[in-house]
S.K.: 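Just dropping this structure here.
Whatever order the structure lists ligands and atoms in, that order sets their numbers, starting from 1.
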Amino acid sequence: MKLTGAQILWESLVREGVTDVFGYPGGAILPAYDALLDYPIRHILVRHEQGATHMADGYARATGGVGVAIATSGPGATNMVTGLATAMMDSSPIVCITGQVGSRLIGSDAFQEIDITGITLPITKHNYLVTRADEVARSVREAFLIAKSGRPGPVLIDITKDAQQGSCEFDWDAAAPVIPGWRRAEPLAQGALAEAAALINAAERPVILAGHGVLISGAMDDLRTLAERADIPVAVTLLGIGGFPASHPLNLGMMGMHGEAWVNHAIQEADLLIACGMRFDDRVTGNLRTYAPNAKKIHLEIDAAEINKNVPVDVGLVGDLRAILARLLPAVAPGSHGAWADRIAATRGESAVRDIQCLPDDGHLYAAHVINDLWRATKAADTIVVTDVGQHQMWEAQYYHHEAPRSLITSGGLGTMGFAVPAAIGAKRARPHAEVWAIVGDGGFQMTMCELATAVQDRIDIKVAVINNGYLGMVRQWQQFFYERRYAATPLSGPDFAKLAEAFGIPGITVTTRAEVLPAIVAARGHAGPAVVDFRVEQEDTVYPMVPAGADLHAMIRRPNPIVETAEDGWSPS
Ligand SMILES: Cc1cc2nc3c(=O)[nH]c(=O)nc-3n(C[C@H](O)[C@H](O)[C@H](O)COP(=O)(O)OP(=O)(O)OC[C@H]3O[C@@H](n4cnc5c(N)ncnc54)[C@H](O)[C@@H]3O)c2cc1C
Ligand SMILES: Cc1ncc(C[n+]2csc(CCOP(=O)(O)OP(=O)(O)O)c2C)c(N)n1
Ligand SMILES: [Mg+2]
């Protein structure tokens, strides 16, 4: 069957199981857009190509499948850079397709020519410049395989206009991936497995560090078996949230810069760390020289380059986490660590400084109130929360208690402001039956709020909670602690977000007191379609605890007047 390169592109995407593509057209990708009309793929027209990449990313993170974005050459392609880097840092499998000028024009500074494969080389797992129609199918097949296999990540395919217009015989089977040097992981060494099991069985103060790899691997059940059988508490990274249920008695909570104090103390006092699919990011370890000084360390990780990269370990087990745990579990003996649990509980009692949601309504509206109330209102539903970057992101991690995998989607490694609204749109397309909330700061919202128009045009039902503190809050917090409250360029104004929502043709609600929080959430949930709630919160609130960058993990800045944790405040959703 003879097809054009443009037809082969869509035919190949259909065969890869793609149903949704997020994109924006332009000259160099026009042949592909023309052919799209004949294929059963839903194209969602974004308002900025950065949005398309975050939508593909949100789509991928909500399901574990591959998200796809498409754009034209030149500025369309360069607008994808931030989204590619975001996906790269967080191991998210997306495929981005860009149009390129005709192959004979390459290198001539042609109109909208840019070397996008050169630009994206360090922020993609792999990329392709396709100059002939007969290279399209194989590039697509390889791109999908590379994006989702091993440690997932983004792949870019840049297709010249003549490759889209030219035709050739389409042969799917002949286009099977051929990737020189690609090999499956080495088999696990029996000796290393036995060594790991012996360390686990002998430990007195062990802690499991559960990361994003738990979700990527789908190793939730095996992780739980390990924790329960050996009675080991589990600390999660920001991206590991949801990999182990928040309500499980062995779940300690989040570790790291804004982790719970007792979690960081437990790590510092541990005699064994079992790191599962996490990469010892600097937000997690603090000062490497004083990190977990008494602990032996076992690292279960799919990317061999991560072993001993930041933290030297005693045993490294390279491979898919679920496969490693399946091999390891038979050698793990039932254990009990009552004294260790008591020790952590005592630290927790002494350091319980959060739960301002239990304070009476004293006229102040705290972001923690809002997020905790949102959790109470939505916890019974299949809810996905997508956060932006900043203080609200950390409060979400602390006050929204995630039970299920893939129920929190957030940009961790690159920390990309503007991520939440488009990623929420992608997540909703991937899981249409889930309730999807974007929690965004007033700064990040203003970066990509144009994508509300996308949600409206394509009837994508996302709810947006703006945590509006009138500041670039997280940066203001650093200025507060480390720059003597000199608030350079962090006070931030914005439009009336409720009126803005109305201008997009969707409901907007403004909330200024705690009493209004729940009614607003209920109203937004009750509306079939996108809605925006503008929560005008306390302006100079601070995320505690905080480990200053590079400080010892146990050297946390604490809330000046500790508030002792109390029971729930009695409200329950109707
Ligand atoms: C403002 C801000 C504050 C932050 N504060 C904190 C904080 O306090 N605490 C915190 O934890 N984070 C924090 N972060 C996030 C932090 O920067 C990192 O993104 C995060 O810690 C990384 O978590 P991770 O290592 O679990 O995930 P990733 O970075 O996604 O790494 C996952 C690891 O799992 C491996 N993997 C993938 N698939 C598999 C598989 N199938 N089997 C085995 N292994 C696999 C990968 O190779 C990789 O090494 C913050 C971010 C921001 C923006
Ligand atoms: C694209 C981008 N630019 C700059 C930053 C640096 N930065 C991190 S948090 C933050 C402030 C975010 O402000 P806002 O969105 O209002 O959220 P808040 O911290 O107030 O909750 C900034 C500027 C970033 N992470 N991403
Ligand atoms: Mg703000």
S.K.: Could you enumerate the protein N, O or S atoms under 2.8 Å from the Mg ion (ligand 3), written like residue then atom name?
M.R.: Asp442 OD1, Asn469 OD1, Tyr471 O
S.K.: Tell me which part of His212 gets within contact of ligand 1: side chain, backbone, both or neither, using heavy atoms under 4.0 Å.
M.R.: both
S.K.: Distance under 4.0 Å, heavy atoms only, partner ligand 2: which residues pass?
M.R.: Val389, Gly390, Gln391, His392, Gly415, Met417, Gly441, Asp442, Gly443, Gly444, Met447, Asn469, Tyr471, Leu472, Gly473, Met474, Val475
S.K.: Answer side chain, backbone, both or neither: which part of Glu306 comes under 4.0 Å from ligand 1, heavy atoms only.
M.R.: side chain
S.K.: Should the proximity of Val284 to ligand 1, defined as any heavy atom under 4.0 Å, be assigned to the side chain, the backbone, both, or neither?
M.R.: side chain
S.K.: Using modelled atom types and a 3.5 Å cut-off, is there a donor and acceptor pairing between side-chain atoms of Arg431 and backbone atoms of Ala62?
M.R.: yes
S.K.: Which is closest to atom 39 (C) of ligand 1 in terms of heavy atoms, Leu325, Asp281, Ile302?
M.R.: Ile302
S.K.: Using heavy atoms and a threshold below 4.0 Å, how should the contact between Arg322 and ligand 1 be classified: side chain, backbone, both, or neither?
M.R.: neither
S.K.: If you count the atoms of ligand 1 from 1 in the order shown, which ones are under 4.0 Å from a heavy atom of Gly413?
M.R.: 19 (O)
S.K.: For atom 1 (C) of ligand 1, find the nearest protein heavy atom and state the residue, atom name and distance (0.1 Å precision).
M.R.: Gln393 OE1, 3.7 Å
S.K.: Has Ala219 got any heavy atom lying under 4.0 angstrom from an atom of ligand 1?
M.R.: no
S.K.: Would you say Gly277 has any N or O atom under 3.5 Å from an N or O of ligand 1, going by distance alone?
M.R.: yes
